2 protein chains.
Amino acid sequence: MGPDNEINEFLPLREVVFLTLRKAILKGELQPGERLMEIALAGRLGVSRTPVREAIRMLEHEGLVVMKPRRGAQVAKITEQELNDVLEVRKSLEILAAYKACERMTEEDMKAMREAGAEFRKLAVNPRCDLTALTEADVAFHDTIYRGTQNRRLNQILANLREQMYRFRFEYLKDASIRESLVSEHEEIMRAVAARDGELAAGLIGEHIDNQQKVIHASIASMEGEN
Amino acid sequence: MGPDNEINEFLPLREVVFLTLRKAILKGELQPGERLMEIALAGRLGVSRTPVREAIRMLEHEGLVVMKPRRGAQVAKITEQELNDVLEVRKSLEILAAYKACERMTEEDMKAMREAGAEFRKLAVNPRCDLTALTEADVAFHDTIYRGTQNRRLNQILANLREQMYRFRFEYLKDASIRESLVSEHEEIMRAVAARDGELAAGLIGEHIDNQQKVIHASIASMEGEN
DNA sequence: AACAAGTCTTTTGTATACAGAATATTATAT
DNA sequence: ATATAATATTCTGTATACAAAAGACTTGTT
């Protein structure tokens, strides 16, 4: 529908559809519980049902949609329980990543981390900043640490877990005071990683996640009951 | 081809194909690097290309096959690096699972664990035992602990990570002396969990994984160079 | 007016058809 | 005989067609 559906690379259509639908789900344009009807989606996106179906298969495996036996796909509803489950796993793996990053990051990795951190700060201090750009900068910052672990699988799993909570990121970053504390948390983490102090970095990252959990908790409580 | 392709439940064909192909890959019937040609597979399984393609999409997302840009799918080759990556993540999550299981397991969970442990021992002590049944018993044992965490996501990720190494499980369990030490490790773990001693259980599970890693390492070294 | 049965529509699940790209093959020239 | 170019084949990517099942709607009966 929108003009940004025409992703002008040469990707298989299933990938294009997959990315488009995923973004729509994560941004909340497709709401939890909403049915994904193949013909309608195919029509909107200007493709046939085949790539739509394959994209749905991928989204299903990623946990963003669930299949009802003979009723097709619908956007997965995230319960608070599931969110806690995700965060529990994520905390553990973020801590692992912190340790391993401290062990294995190269100097270039360090440089990339500092640059990403600076970029995030630059955006975050602006009281009227673009939230989309800010979430992307946050993701980019954490990605530099993930990459520093030199563990592709860990990278992939963490990226996926983070994605599960994307819908809440916007809420999360709206608050300017939260943004400020985020910036200082990032700086602390960077110092610890730069000093290759795994113990400290792991502890800081753990707190970082705990803080996120608190905010998300509150955010969920405030939007109770929309089914 | 084989007579067990006709899985007689009412599942979508894509699921049947998915399960069939996955089993074939994990058992090594489809070897790493082997191409998965849609028409050939569809013919063999007596279905059309559509469910085969959707199954491949699922396998791709599970990491068991990789897509070459315009050359279709092939069974993923597991490099030693990737295996180490998987084990690093897995160890961290197994330890998390041990802690949480100690906190959260109900008495029924404990009972299920003890029964699964006993079943595994029964099979393992038989010097001429069925390896397939044994791997299944091992999986069942660890599953009781995963389930005890009450964390579905953790469960799912651990099950997936374990699957990545399935091809090596058979090698692993062939050796009778290894089976013996496995039994005693399981018993130790059970005692720790039953006592809800998270610290101890986590340590033991960590060693359990380390031991696995050593054996798999050796197993890979011995089959060096089959591309 | 309410409930039940039957029909109709919608939608999924599956099969097949068609086009374009990549590789293998063959023929030709040096 | 070898290398290169042209041709043929194979396979993927995509679209469309068809059948069966689920759900919605209508109509008839009590």
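Chain identifiers are assigned alphabetically (A, B, ...) following the order of the sequence lines, protein sequences preceding nucleic acid strands; residue numbering begins at 1 within each chain. Values below: all heavy atoms of this structure, side chains included; hydrogens, waters and symmetry mates excluded. Predicted model only: the values in this text are computed from it and were never measured.
- Atom CZ of B:F18 is separated from atom C1' of C:dG13 by 18 Å (rounded to the nearest Å).
- No donor-acceptor pair under 3.5 Å is formed between the side chain of A:N160 and the backbone N or O of A:I157.
- Counting non-hydrogen atoms under 4.0 angstrom, A:I56 reaches nothing in the nucleic acid.
- Residue-level contact check: A:R53 touches the bases, meaning some heavy atom is under 4.0 Å from a base atom.
- Remark: C1' of C:dT14 and CG of B:L45 are 14 Å apart, rounded to the nearest angstrom.
- Rounded to whole Å, atom C1' of C:dT14 lies 7 Å from atom CG of B:L13.
- When atom types are taken as modelled, the side chain of A:E34 and the backbone of A:Q31 share a donor-acceptor pair closer than 3.5 angstrom.
- Note on the helix from C:dA1-D:dT30 to C:dT30-D:dA1: terminal axis deviation equals 0°, with five pairs used at each end and the result rounded to 10°.
- Under 4.0 Å is where a charged nitrogen must lie from a carboxylate oxygen, and between A:E29 and A:K23 no such pair does.
- The aromatic rings of B:F120 and B:H186 sit tilted, their planes meeting at an angle between 30° and 60°.
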Detail all sub-3.5 Å separations between protein N/O atoms and N/O atoms belonging to nucleotides 17-22 of chain C.
| residue | atom | partner | partner atom | Å |
| --- | --- | --- | --- | --- |
| C:dA17 | N6 | B:R49 | NH1 | 3.4 |

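- Remark: A:I178 CD1 to A:L173 CG distance equals 8.0 Å, nearest 0.5 Å.
- When DNA chain D is scanned in the 5' to 3' direction for atoms under 4.0 Å from non-hydrogen atoms of chain B, the outermost contacting nucleotides are D:dC11 to D:dT14.
- A salt bridge links A:E60 to A:R57: one of the charged nitrogens lies within less than 4.0 Å of a carboxylate oxygen.
- In this structure, A:L64 and A:L26 approach most closely via the heavy-atom pair CD2-CD2, 4.1 Å.
- The nearest whole Å value for the distance from the NZ atom in B:K68 to the P atom in C:dT23 is 11 Å.
- With A:E94 as the partner, the side-chain contact (heavy atoms from CB on, under 4.5 Å) test is satisfied by one option alone out of A:I145, A:I205, A:L154, A:V89: A:I205.
- In the model, A:N84 has no side-chain atom that pairs as donor or acceptor with a side-chain atom of A:E88 under 3.5 Å.
- A donor-acceptor pair shorter than 3.5 Å can be found between the side chains of A:E80 and A:H217.
- A salt bridge is absent between A:R152 and B:E82: the closest approach of a Lys/Arg side-chain nitrogen to an acidic carboxylate oxygen does not fall below 4.0 angstrom.
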